[in-house]
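A, B, ... follow the sequence lines: proteins, then strands. Residue 1 opens every chain.
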Amino acid sequence: MINPLRGMKDLTFEESRRYIHIISTAVNIAKRYGYSYIETPILEETALFKRSVGNSSDIVNKEMYQFEDKGGYDVCMRPEGTAGVARAFISDKLDRQPIKQKFYYHGPMFRYERPQKGRLREFHQFGCESFGEASVYEDFTIITMISQIFDALGIGFDLQINSLGCTVCMPPYKQNLVSFLTDIKEDLCEDCNRRIDTNPIRVLDCKNKTCQLLLSNSQKLIDNLCDECENDFKKLTVLLDQAGIHYTIDTNLVRGLDYYNKTAFEFVSNEIGSQSAIAGGGRYDRLVEFLDGKPTPAVGFAIGIERIMELVKMPETAREGIYLGAMNDDAIEPLLALAARKRLETKVTIEYNAKGFKSHMKGADKAEAKYVALIGEDELKNGTIWIKDIESREEKTVPLETF
RNA sequence: GUGGACGUAGUUCAGUCGGUAGAGCACCAGUUUGUGGCACUGGGUGUCGCGGGUUCGAGCCCCGUCGUCCACCCCA
């Protein structure tokens, strides 16, 4: 027996229904906010992810499905969606147009990690990217949209926000932090020593008690923002307050990808184990120019489908369609033409074996059909078919032609 | 990548001291060839993850491997 690869899963029945429901709910809402669908390749040049997600990130360092293709190109299965969409935005020369562009996408992403609950090697994201809008109103709008999606799916969440600053305020802060950390590096844990180089702000979030003690009076980025970042962040909190969207400010919230700046946010759930982030995103004003496009402000997010799969409240499913069956072998073949006709308008389940009445009723029940239609001895003789509405229990016998 | 737990039927699990595997649910067939979900009767559907080893004999003990889960790391 051949099983799926480690960290990859098949979706069937209940799970695939959930998947579809999540995607269609998100799509419907995204459309109302002016987003249109974009499909980008799963395979991209490795350089794309190195330049966008960032060389220092774990994703690029050790989690990419990277290989040389038969033409000798260094390629990667996409580990996330934003880079590809930004690349497409530039490839299609949309950065040269003064028009704001908004795209939504969904599909598989790949990261070579150790799988666990809520963390697969092939997983799925629904995401949106808004290009060309620098206003913090757009940050607010996008957060509003995500909460609307989660509300529509019946998912409870906590929203965490932070500001990562911009090219004006972030670099000096980071420099100060690194030198501060370097001074005390002897006393910091092993992980933190590694983080000093890769992601110094993460050090502030270390769970090690000794580290926490040493860092208790360290400077927060949020207190060192430039005026513009400071004002935008304040504005965002005011807008969220007015909209009644509850949030907490997490000064240690850092997105794992290098391209983020200013607003960063994460939606988390405490019901799904340690992989608690169900959506994440923020502003990435510099990404387009990193990828050789014209400087274009942008903001986006992605929802982890597998992470919310079991949180979704599914709408009740109604019975649908017709179950067709016969009690004599002679009556089976006439069912085929009937089925073809009925399938122009509804779902039809057809049983190819002649069976007893009760057996058919059970079959109709299992098929979740709304109607059961049977041809027995009498019906065959009279050219009629017997129909019963399984919900209302009303039944009647009609000529085949009027069925 | 590191540490730990686990792996028996479709599924959830039991399996004693080492003696060729069992229960609920699910599933299939039937209970008057005409009224479904309920009930009753019958049916075990299995490479005990895989590969070695110890033993007269392994689901059970040992080693390896693969996989799942949990924590770390990281992230959606």
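Between A:Asp69 and A:Val75, the shortest heavy-atom contact is OD2-CG1, 4.1 Å. Between A:Ile385 and A:Leu400 the shortest heavy-atom distance is CB-CD2, 3.8 Å. Annotation for A:Gly154 and A:Lys313: closest pair O-NZ, 3.2 Å, computed over non-hydrogen atoms. Across A:Ala373 and A:Ile322, no two heavy atoms sit closer than the pair CB-CG2, 4.0 Å.
Taking atom P on both B:rG19 and B:rG57, the two are 14 Å apart, rounded to the nearest angstrom. Nucleotides B:rA9 and B:rC48 are separated by 10 Å at their C1' atoms, to the nearest Å. Using atom P as the reference point in both B:rU8 and B:rC61, the two lie 15 Å apart (nearest Å). Comparing the same atom, P, in B:rG15 and in B:rC75 gives a spacing of 42 Å after rounding to whole Å. The C1' atoms of B:rG51 and B:rG67 are separated by 15 Å, rounded to the nearest whole Å. Straight-line distance between the P atoms of B:rC56 and B:rG10: roughly 34 Å, to the nearest whole Å. Annotation: B:rU41 and B:rA26 have their P atoms spaced 15 Å apart (nearest Å). Spacing between B:rG24 and B:rC70 at atom P, rounded to whole Å, works out to 31 Å.
Between A:Val168 and A:Glu228 the shortest side-chain heavy-atom distance does not fall below 4.5 Å. For the pair A:Gln66/A:Tyr112, no side-chain contact is recorded, criterion being any heavy-atom separation below 4.5 Å from C-beta on.
Residue A:Arg393 has its side chain nearest to B:rG37 when only B:rC74, B:rC69, B:rG37 are considered. Side-chain proximity of A:Arg319 to the nucleotides B:rA29, B:rA76, B:rG37 is greatest for B:rG37. Distances were taken from every side-chain heavy atom of A:Phe357 (C-beta onward) to each of B:rC74, B:rA76, B:rG34; the shortest belongs to B:rG34. Looking at the side chain of A:Ser359, the nearest of the listed nucleotides B:rG36, B:rU35, B:rG30 is B:rG30. In this structure, of B:rC70, B:rG36, B:rC73, it is B:rG36 that holds the atom nearest to the side chain of A:Ile390. You'll find that the side chain of A:Glu266 is closest to B:rA76, out of B:rA76, B:rA71, B:rG67. In the set B:rG4, B:rG36, B:rA76, B:rG4 carries the atom at the smallest distance from any side-chain atom of A:Arg114. Checking B:rC27, B:rA76, B:rG30 against the side-chain heavy atoms of A:Gln125 singles out B:rA76 as nearest.
Ring pair A:Tyr104/A:Tyr37: centre-to-centre distance below 6.0 Å.
Within the 4.0 angstrom heavy-atom criterion, no nucleotide atom of any strand lies near A:Ile146. The residue A:Asn328 sits apart from the nucleic acid: no heavy atom pair falls under 4.0 Å. As judged by a 4.0 angstrom heavy-atom cut-off over every strand, A:Glu113 is placed among the base-contacting residues. Base engagement by A:Lys388 is indicated by at least one non-hydrogen atom pair under 4.0 Å involving a base atom. Among the protein residues, A:Ile303 comes within range of no part of the nucleic acid, since none of its heavy atoms lies under 4.0 Å from any strand. In this structure, A:Gly325 reaches neither bases nor backbone, as no heavy-atom distance under 4.0 Å exists between it and the strands shown. A:Glu306 comes within 4.0 angstrom of no nucleic acid atom, judged by non-hydrogen atoms across all strands. Within the 4.0 angstrom heavy-atom criterion, only backbone atoms of the sugar-phosphate kind lie near A:Asp58; the bases stay farther away. Residue contacts for A:Gly127: at a heavy-atom cut-off of 4.0 Å it reaches no nucleic acid atom on any strand shown. As judged by a 4.0 angstrom heavy-atom cut-off over every strand, A:Gly356 is placed among residues making no nucleic acid contact.
The nearest whole Å value for the distance from the NE2 atom in A:His360 to the C1' atom in B:rU35 is 13 Å. Put simply, CE on A:Met327 is 12 Å from P on B:rG36, counting in whole angstrom units. Between the NZ atom of A:Lys381 and the C1' atom of B:rU33 there is a distance of 13 Å, rounded to whole Å. Between the CD1 atom of A:Ile196 and the P atom of B:rC73 there is a distance of 16 Å, given to the nearest Å. For the pair A:Ile201 CD1 and B:rC74 P, the computed distance is 14 Å after rounding to whole Å. Summarising the geometry, the separation between CZ on A:Arg6 and C1' on B:rG7 is reported as 14 Å, rounded to the nearest angstrom. Atom P of nucleotide B:rG1 and atom CZ of A:Arg111 are separated by 17 Å, given to the nearest angstrom. Straight-line distance from the CE atom of A:Met8 to the C1' atom of B:rC66: 16 Å, rounded to whole Å.
Considering only side-chain N and O atoms, A:Gln275 lies nowhere under 4.0 angstrom from the phosphate OP1 or OP2 of B:rC74. OP1 or OP2 of B:rG36 lies within a sub-4.0 Å distance of a side-chain N or O belonging to A:Lys358.
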Evaluation steps, side chain to side chain donor-acceptor pair (under 3.5 Å), between A:Gln116 and A:Gln275: CA-CA 9 Å; A:Gln116 57 181 258; A:Gln275 309 304 317; 2.9 Å; yes
Intermediate values then yes/no, side chain to side chain donor-acceptor pair (under 3.5 Å), A:Glu129 and A:Thr82: CA-CA 7 Å; A:Glu129 314 294 350; A:Thr82 301; 2.7 Å; yes
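Residues A:Ser274 and A:Ser392 both approach RNA chain B. Their nearest nucleotides, taken by heavy-atom distance, put A:Ser392 toward the 5′ side. Take the nearest nucleotide of RNA chain B for A:Leu5 and for A:Ala364: the residue whose nucleotide is more 5' is A:Ala364.
Aromatic stacking of A:Trp386 on B:rG34: not satisfied for centres closer than 5.5 Å together with planes under 30 degrees.
If you check distances only, the side chain of A:Arg119 never reaches the base of B:rC70 with a donor-acceptor pair under 3.5 Å. Side-chain atoms of A:Arg307 and base atoms of B:rC75 include a donor and an acceptor less than 3.5 Å apart. You won't find any donor-acceptor pair under 3.5 Å spanning the side chain of A:Gln116 and the base of B:rU68, going by distance alone. The base of B:rG34 is paired with the side chain of A:Glu379 by a donor and an acceptor separated by under 3.5 Å.
Without hydrogens or angle criteria, A:Ser276 side chain to A:Ile272 main chain gives no donor-acceptor distance under 3.5 Å.
Below 30°, between 30° and 60°, or above 60°: for A:Tyr284 and A:Tyr260 the angle between ring planes is above 60°, a perpendicular geometry.
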For RNA chain B, what is the dot-bracket line, given that a base pair needs Watson-Crick (N1 to N3, plus N6-O4 or O6-N4) or G-U wobble (N1-O2 and O6-N3) geometry with both distances under 3.5 Å, and | means paired with another strand? (((((((..((((.....[..))))((((((.......))))).)...(((((..]....))))))))))))....
